[in-house]
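The structure under discussion appears below in the form of C-alpha cells.
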Amino acid sequence: MSKRTSDNNSATFIMDGEDFFAAFVACLDEVRESVPLADEPSSKPKGPSKPAAPANTYVRLAYWAMEHHLPLKQDDQGFTLEAALKGLADRGIHVEIILWDPDAVSANAGGDENFAKKVARGNAAVAKALHGYNDKILVFLESHPTVGGVGYGLHQKMSLFSIGGQLKALVGGFNMELEYWDRAYHLGQHPLTGHGHTLHDTAVLVEGPVTCDIEEEWLRRWDRQVSLKSLQFWSKEQPAYKVRGAVRGLVHDQPSLGGLTISVLTTGVFATKTEYSIRDEIKTLLQGANSYVYAENYQFFEPEIITEICRKLKTQKQFQVCVVIPDPICDPTQANTQLSRIAYTRMLLASFKEKGGVKGKLDESLRALRLRDVTDPVNNEQGVYYKVLDAKKPKGWMEGAKLQMTPPEVKGAKTVSEPVKVALELIDGVDLKDDAKPRVQFYCPVRFPSHSDDYAQSTKIYVHSKLMLIDSRHVIVGSANFGHRSMHYDGEMSLHINSDSFAVEVKQKLFPHYNVHSMKEVPEALRDDARSVHDQVRLIPRSPGELRAAKDKLPYPLDYSWF
C-alpha cells in the first residue's frame, strides 16, 4: 500500500488508556445499538422485528497483540473484550480480527518468555476463545515470511467500526492488552490491577474518506489468508473460514465535513518490495520544516530521519529538536536508550556552532585523539570532522556506528578503538550551560511524589506513544516507532494529519498533561518549568550523560541484533 491522501476528514486526538478504551467502547456501543437483538421489538411503534444485521455493519480489528480477557471498563471488569465482541455476534454483527503470528526467527529469538512468544500465546488464546463464535467472529493469525534472516512483525494497530457502511477508525500505538490501561495522571499504579504501572500512549479517532483508505490496508492483509492457505490452520470442528473482502465502506457513504487532509502511511507491509512511506513522508516534512520537530516514543534513532534532522540543524540555525523518551530505568536492556543516546549526540554535534562555545571545547578534546578503523573523511570538511555514521547493514546500523574524524597526525597521540563510547564521554563532560538554549533537547517524563522533589523518588513514565509534531502544522501518529526496524522491516501504519488547527488541538491536550502551561511555541514552552514540582507529571531535561547506562548494570558492547 502506498501513501493515500484524502480531504474533508475529521479527527479526535486520544491520549492514554482511559481515553482510548473509552473511545473503543463508545464505538462498539454505537455499532451494537444500531442492530437490536432478534427478539427485541423494533424502535418503530408498529413495525415488525428488525431483521439480521446488514452485511455492511461490522467491526474489523488488526493488532500486534490482543488479550481476550482484557477488561474494557474500569467500573465493570467483567465486561471484557471477549464479552463485548460476542455481544456483537449475538446480534448478528460480523467481527473480523487480524493478529500477528510470529515467524520462526522472532519466535525463536531468546527463551520461552521472549516478547514474540508471549504475544503469540495471547493471540492464539484469542483465536481459541473467539474464532467461529455464532458463525460471526473470525480470527486470522497472519504470518509473515522471514527474509534475509530478519523476522518481520505485523505491528499495525487499527479498529474499524461500520454502521451501514459508514466508518469510524481508531489508529495509534495501543495494543489490546491490559498493560495499556493508564490514566493521564500516571499515578504509578495500574487502574485495574493496582500493581505498579505507567504507560503513556496516543491515538486518533477519524471519520471521513480516510477511513476507506485505512480499511483498504486492513483488507489487503485479510485477503492474504487465501495465498497463505490459512484455511488448513483451523480445526475441523470450527466453522469454515469466510472471506468477506468484498464487503467494505464506500467513499461516497462517508461524512465529508471535517476539513482535514489526512494521509495513510505504511511501512514494511510487503516482504518482496520496497514500501517506506512513513519514513519518506517524515523526511519530506523535515526537509520543508522551518521551526522544530517534537517526537515522543521509547526509541528515537532511525538513521535516515536522524540524518535529515542533522542536515536541517546545520543549514537552518533556528531549527530545534525536542524528543521525549522514557527514563533509562524503564529500559531493562538499555539498548533503546543507548541507541537514542547516540542519535542524540549526533544531533547535538550537528547543532553546535562551527567555532567557539561547546563545539570549540569539543574540538580541543577531540584533537588529541586518533581513532583506528574509521572510514575515509568527507570532502570539503576543515580541521576536525566528526559524526556518528550508520553501518552498511541496516539490521545492525548502530553496531557499526563510528565516530569519523580527520585529525592531524600527532606523535604520541592517544589511540582509541571505541570511538562512539569516547565521543559520548566527551559530550558528557561538556558543560552545556555555556549555550543557554541548546537546540536539541531530550526529556524523560516522571511524576514527583506529593512530599518531595527528589528525582530518585519519582514515578518514571513509560512512553509508548509514536507521535511527532513538525512546525505545529504536521501531526504523525500511529503504530510506527522511530527506529530502524519499524521504518524498514515491520508492517506499520501511521497517519499524517496536515492541519495547524489539529496540531493546536494536540498541543492543548498533550502539553498540559506534562504540566507545561506556557503559551510559547513548543521548544520554548518545554523549557518552562511546571507550576509545581510536587504530585504532578513533569518533563525532566536530560543530557546524553544522564541517559548513560550504569556500568555496573550493563556490560559493553551492547547486542543490537534483535533490532
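Residue indices begin at 1 and follow the sequence shown. Because the structure is predicted, anything quoted here is derived from the model rather than measured.
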Please examine the side chains of E546 and F442, heavy atoms only from C-beta on, and report whether any two atoms are closer than 4.5 Å.
no

Is there a donor-acceptor pair under 3.5 Å between the side chain of K312 and the backbone N or O of A289?
yes

Intermediate values then yes/no, ring-ring contact (aromatic ring centres under 6.0 Å, His included), F300 and Y344
CA-CA 8 Å; F300 192 79; Y344 183 6; over 10 Å; no

Between the main-chain N or O of P544 and the side-chain N or O of R341, is there a donor-acceptor pair closer than 3.5 Å?
yes

Using every non-hydrogen atom in the two residues, find where A11 and I262 come nearest and quote the distance to one decimal.
CB-CD1, 4.4 Å

For the pair M158 and E217, evaluate side-chain contact (heavy atoms from CB on, under 4.5 Å) and give the outcome as yes or no after the intermediate values.
CA-CA 10 Å; M158 65 179 110; E217 169 60 9; 4.1 Å; yes

Looking at Y185, is R447 sitting on its ring face, NZ or CZ under 6.0 Å from the six-membered ring centre and within 45 degrees of the normal?
yes

Quick one: sort the W222 and W218 rings into parallel, tilted or perpendicular, breaks at 30° and 60°.
parallel

Go through M468 and V293 one step at a time and tell me if the side-chain contact (heavy atoms from CB on, under 4.5 Å) criterion holds.
CA-CA 7 Å; M468 184 178 287; V293 56; 3.8 Å; yes

Within the 4.5 Å heavy-atom criterion, are Y292 and L469 side-chain neighbours or not?
yes

Non-hydrogen side-chain atoms of I278 and M487 separated by less than 4.5 Å:
yes

So, D16 side chain and D201 main chain: donor-acceptor pair closer than 3.5 Å or not?
yes

Quick one: do E492 and T267 satisfy side chain to side chain donor-acceptor pair (under 3.5 Å)? Show the steps, please.
CA-CA 5 Å; E492 305 282 7; T267 285; over 6 Å; no

Which atoms form the tightest heavy-atom contact between G478 and S494, and what is the distance?
CA-OG, 3.6 Å

For R91 and E33, what are the C-alpha separation, side-chain angles and deciding distance, and is it a salt bridge (Lys or Arg N to Asp or Glu O under 4.0 Å)?
CA-CA 9 Å; R91 297 185 181 226; E33 291 169 4; over 6 Å; no

Donor-acceptor check, side chain of S277 to backbone of T266, threshold 3.5 angstrom: yes or no?
yes

For salt bridge (Lys or Arg N to Asp or Glu O under 4.0 Å), just list the numbers for K509 and D19, CA-CA rounded to whole Å, side-chain angles, deciding distance to a tenth of an Å, and then say yes or no.
CA-CA 12 Å; K509 189 166 188 176; D19 200 358; 2.4 Å; yes

Is there a side-chain contact between P255 and Q166 in this structure, where contact means two heavy atoms from C-beta onward sitting under 4.5 Å apart?
yes

Knowing that exactly one of R221, R60, R248 qualifies, which makes a salt bridge (Lys or Arg N to Asp or Glu O under 4.0 Å) with E216?
R248

H200 vs H186 aromatic rings, parallel, tilted or perpendicular, using cut-offs 30° and 60°?
perpendicular

What is the minimum heavy-atom distance between L526 and L539, and which atoms define it?
CD2-CD1, 3.8 Å

Work out which heavy atom in C444 is nearest to a heavy atom in R542; give both atom names and the distance.
SG-CG, 3.7 Å

Any donor-acceptor pair under 3.5 Å linking the side chain of N123 with the backbone of W64?
yes

Answer yes or no: is there a side-chain heavy-atom contact under 4.5 Å between S263 and E281?
yes

Side chain of N134, backbone of K136: donor and acceptor closer than 3.5 Å?
no

Minimum side-chain heavy-atom gap N9-V206 below 4.5 Å
no

Using a 3.5 Å distance criterion without hydrogens, assess whether the side chain of H474 forms a donor-acceptor pair with backbone atoms of H496.
no

Are the side chain of D471 and the backbone of N290 linked by a donor-acceptor contact shorter than 3.5 Å?
yes

Identify the two heavy atoms, one from W181 and one from P191, that lie closest to each other, and give their separation to 0.1 Å.
O-CD, 3.7 Å

Validation row: E30, K168 side chains within 4.5 angstrom (heavy atoms)
yes

Contact check, side chains of T57 and S162, non-hydrogen atoms, under 4.5 Å
no

Step-by-step side chain to side chain donor-acceptor pair (under 3.5 Å) determination, S472 to E521:
CA-CA 8 Å; S472 292; E521 191 49 283; 3.0 Å; yes

Backbone of Q299 reached by a side-chain donor or acceptor of N336 within 3.5 Å:
no

Could you walk me through whether N175 and Y63 satisfy the side chain to side chain donor-acceptor pair (under 3.5 Å) test, starting with their C-alpha distance in whole Å, then the side-chain angles of each, then the deciding distance to 0.1 Å, before giving a yes or no?
CA-CA 6 Å; N175 286 299; Y63 283 88; over 6 Å; no

Once the angle between the rings of F511 and Y294 is folded into 0 to 90°, is it parallel (under 30°), tilted (30 to 60°) or perpendicular (over 60°)?
perpendicular

Ignoring hydrogens and geometry, is there a side-chain-to-backbone donor-acceptor pair from S6 to V210 under 3.5 Å?
yes

Looking only at heavy atoms, what is the nearest atom pair of I93 and A53, with distance?
CG1-CB, 3.9 Å

